[in-house]
Q: 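I'd like to ask you about the structure that follows.
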Amino acid sequence: MKAFIKDCIKANKKIYEYINTHISNLDYIYSGQIGFGGDKSLNIDLFAENIFIEYLKSYGDIFSEESGYISSNSSYKIIIDPIDGSDNFSSNLPYFGTSIALQKDNKTIIAVVCNLATGILIYKDENKKIKKLNLATNKYIDFLELQDSNIGIFERAYTNPKLCQKLYENNIKYRSLGAVALSLCDARNYSFVLFYGKIREFDIAAGVYICEDLNIYQSDKFLIVAKKIHIFNLIKDIIN
């Protein structure tokens, strides 16, 4: 499993360095392909996917948002979102990254999430240890956890104006950042993370594993994560 994490880091570093040294206007253009997840694929999505396939195909079946299943008939499945937050990337909004979850018997055992805008990579290994790496310096940094936060994250808030109104009426502050895996990865530093809409493995598999020790509720339309139980219950009650 250490080799898998090392190759995840190598792949992310290659994508990170490309974006910072060789990015071109062509990378921002739609490829003409509709990804397996239903979204239009940018050229950068396909570029990143090819990098991950190159580095990770030997470890198991790959299930990617862009190409769907790339099978090797393995008992391991690697769930990949090559670019988490593609719309942010295409708008030069610095909140986008990558998401990788390694599963054994449909259970996530390793997760790697990287913010390509900052070069900060976070992973959680099979022993539940969370580590944080700066790709620019190749140095590990402390994984700090904020004790209090006044801001929550409501991903895809624009799709549910009625719930936005309810949160406003309850004086609940939030932001909608547009990269679900990144938001879930840092859930312990927010008041809450709320996701509304069709829940796909690509969006949540890695992020949920990293924050699995927090309070989590998932239905067919909602995912709620919060560190403090009273916040968790409040958001859940507002939704219900």
Side-chain angles (χ1 to χ4, degrees), residues 1-16 48 51-52 55-64 74-82 84-85 95-149 153 177 179-193 195 201-218 223-229 231-232:
M1 295 299 101
K2 289 183 179 180
F4 176 80
I5 293 174
K6 285 182 179 179
D7 281 334
C8 285
I9 292 172
K10 289 178 182 178
N12 274 287
K13 188 171 180 61
K14 190 168 184 177
I15 298 167
Y16 172 71
I51 296 298
F52 284 126
Y55 279 88
L56 303 180
K57 64 183 178 181
S58 64
Y59 293 99
D61 297 342
I62 291 178
F63 184 38
S64 170
S74 170
S75 58
Y76 289 92
K77 181 169 73 171
I78 306 160
I79 302 171
I80 298 172
D81 188 347
D84 175 38
Y95 193 72
F96 56 90
T98 69
S99 172
I100 308 165
L102 177 65
Q103 293 188 341
K104 173 72 171 178
D105 298 325
N106 294 316
K107 182 179 180 181
T108 302
I109 57 174
I110 292 177
V112 181
V113 176
C114 180
N115 186 328
L116 292 171
T118 63
I120 300 300
L121 180 146
I122 294 175
Y123 69 82
K124 184 174 182 179
D125 64 21
E126 71 275 20
N127 296 315
K128 310 291 186 180
K129 292 182 179 179
I130 301 177
K131 293 189 177 181
K132 191 172 184 179
L133 177 69
N134 187 326
L135 293 180
T137 63
N138 291 317
K139 292 183 179 180
Y140 284 92
I141 53 182
D142 291 336
F143 187 82
L144 299 178
E145 182 175 337
L146 302 180
Q147 296 304 309
D148 294 293
S149 175
I153 306 297
L177 301 179
V180 180
L182 295 186
S183 296
L184 288 171
C185 181
D186 281 325
R188 65 192 71 249
N189 289 324
Y190 304 128
S191 176
F192 63 89
V193 173
F195 176 86
E201 281 188 294
F202 323 108
D203 298 315
I204 69 167
V208 166
Y209 181 67
I210 290 174
C211 67
E212 66 176 352
D213 56 309
L214 307 183
N215 299 292
I216 298 177
Y217 167 78
Q218 181 179 340
L223 173 66
I224 307 169
V225 179
K227 180 165 57 176
K228 295 185 178 180
I229 189 64
I231 298 295
F232 175 78

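Sequence positions, counted from 1, serve as the residue numbers for this chain. Because only heavy atoms are used, hydrogens play no part in the values below, and waters and symmetry mates are left out as well, while side chains stay in.
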Q: Does atom NZ of Lys6 have more than 12 heavy-atom neighbours from other groups under 6.0 Å away?
A: no

Q: How long is the gap from CG on Asp203 to CD on Glu201, to the nearest 0.5 Å?
A: 10.0 Å

Q: Under a 3.5 Å distance rule, please check whether Tyr209 uses its side chain to pair with a backbone N or O of Asp125 as donor and acceptor.
A: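 A pair under 3.5 Å: yes.
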
Q: Any donor-acceptor pair under 3.5 Å linking the side chain of Tyr190 with the backbone of Ala226?
A: no

Q: Do Tyr16 and Leu121 come close enough that some side-chain heavy atom pair is under 4.5 Å?
A: no

Q: Does a side-chain heavy-atom distance below 4.5 Å link Ile122 with Leu133?
A: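 When only atoms from C-beta onward are counted, Leu133 and Ile122 do not touch, as no gap falls below 4.5 Å.
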
Q: Return yes when atom CG of Asn127 has more than 12 non-hydrogen atoms of other residues, nucleotides or ligands closer than 6.0 Å, and no otherwise.
A: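 Above 12, so yes.
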
Q: Do the non-hydrogen side-chain atoms of Leu223 and Val208 ever get within less than 4.5 Å of each other?
A: yes

Q: How long is the straight-line distance from OG of Ser149 back to CD1 of Ile231, given to the nearest 0.5 Å?
A: 9.5 Å

Q: Could you pull out the closest heavy-atom pair between Ala206 and Ala101, with the gap in Å?
A: N-CB, 3.8 Å

Q: Do the rings of Phe63 and Phe202 sit parallel, tilted or perpendicular, given the 30° and 60° boundaries?
A: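 Tilted.
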
Q: Could you walk me through whether Lys228 and Asn215 pass the side chain to side chain contact (heavy atoms under 4.5 Å, CB included) check?
A: CA-CA 7 Å; Lys228 295 185 178 180; Asn215 299 292; 5.9 Å; no

Q: With sequence neighbours excluded, what pairs up with Ala11 under the side-chain contact (heavy atoms from CB on, under 4.5 Å) test?
A: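 Here the qualifying residues are Ile51, Phe52, Tyr55.
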
Q: Can you tell me if Lys77 uses its side chain to pair, donor with acceptor, with the backbone of Gln103 under 3.5 Å?
A: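 Flag not set: sc Lys77 to bb Gln103 has no pair under 3.5 Å.
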
Q: Out of the candidates Ile110, Val112, Val113, only one should pair with Cys8 under the side chain to side chain contact (heavy atoms under 4.5 Å, CB included) rule; please name it.
A: Val112

Q: Do the side chains of Leu56 and Asp7 get nearer than 4.5 Å, heavy atoms only?
A: yes

Q: Is there a side-chain contact between Thr108 and Leu102, using heavy atoms and a 4.5 Å cut-off?
A: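 No; the side chains remain at least 4.5 Å from each other.
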
Q: With a 4.5 Å heavy-atom cut-off, do Lys131 and Lys124 have their side chains touching?
A: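 No, every pair of side-chain atoms sits at 4.5 Å or beyond.
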
Q: When you measure from the centre of the six-membered ring of Tyr76, is the NZ or CZ of Lys104 under 6.0 Å away and within 45° of the axis?
A: yes

Q: Can any side-chain N or O of Tyr59 pair as donor or acceptor with the backbone N or O of Ala3 at less than 3.5 Å?
A: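 The answer is yes, because a donor-acceptor pair under 3.5 Å joins these two groups.
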
Q: Salt bridge between Asp213 and Arg188, side-chain N to carboxylate O under 4.0 Å?
A: yes

Q: What distance separates Asn12 CG from Leu135 CG, expressed to the nearest 0.5 Å?
A: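 Nearest 0.5 Å value for the CG-CG distance: 6.5 Å.
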
Q: Measuring from Leu184:CG to Ile204:CD1, what's the distance to the nearest 0.5 Å?
A: 7.5 Å

Q: Please report the interatomic distance CG(Asp186) to CD1(Ile120), rounded to the nearest 0.5 Å.
A: 10.0 Å

Q: For a side chain to side chain contact (heavy atoms under 4.5 Å, CB included) check, start with the C-alpha distance between Ile15 and Leu116, then their side-chain angles and the critical distance, and finish with the verdict.
A: CA-CA 8 Å; Ile15 298 167; Leu116 292 171; 3.9 Å; yes

Q: Look at the side chain of Asn115 and the backbone N and O of Ala117, then say whether any donor-acceptor pair between them is shorter than 3.5 Å.
A: yes

Q: I'd like to know if Glu126 pairs up with Lys2 as an ion pair, taking the criterion as any Lys NZ or Arg NE/NH1/NH2 lying under 4.0 Å from an Asp or Glu carboxylate oxygen.
A: no

Q: If you look at every heavy atom in Pro82 and Thr98, which pair is closest and at what distance?
A: O-CG2, 3.1 Å

Q: With a 4.5 Å heavy-atom cut-off, do Leu182 and Leu177 have their side chains touching?
A: no

Q: Got a second to check how far Phe195's CZ is from Gln218's CD, nearest 0.5 Å?
A: 9.5 Å

Q: I'd like to know if the side chain of Asp84 pairs up with that of Ser99 as donor and acceptor (distance under 3.5 Å, no hydrogens or angles considered).
A: no

Q: Report the residues that fulfil ring-ring contact (aromatic ring centres under 6.0 Å, His included) with Phe192, sequence neighbours left out, ordered by chain and then residue number.
A: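 Testing Phe192 for ring-ring contact (aromatic ring centres under 6.0 Å, His included), a comparison that skips the adjacent residues, returns none.
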
Q: Side-chain contact test, heavy atoms from C-beta onward, threshold under 4.5 Å: evaluate it for Cys211 versus Cys185 and give yes or no.
A: no

Q: Ile9 and Tyr123: side chain to side chain contact (heavy atoms under 4.5 Å, CB included), yes or no, with the steps?
A: CA-CA 9 Å; Ile9 292 172; Tyr123 69 82; 4.3 Å; yes

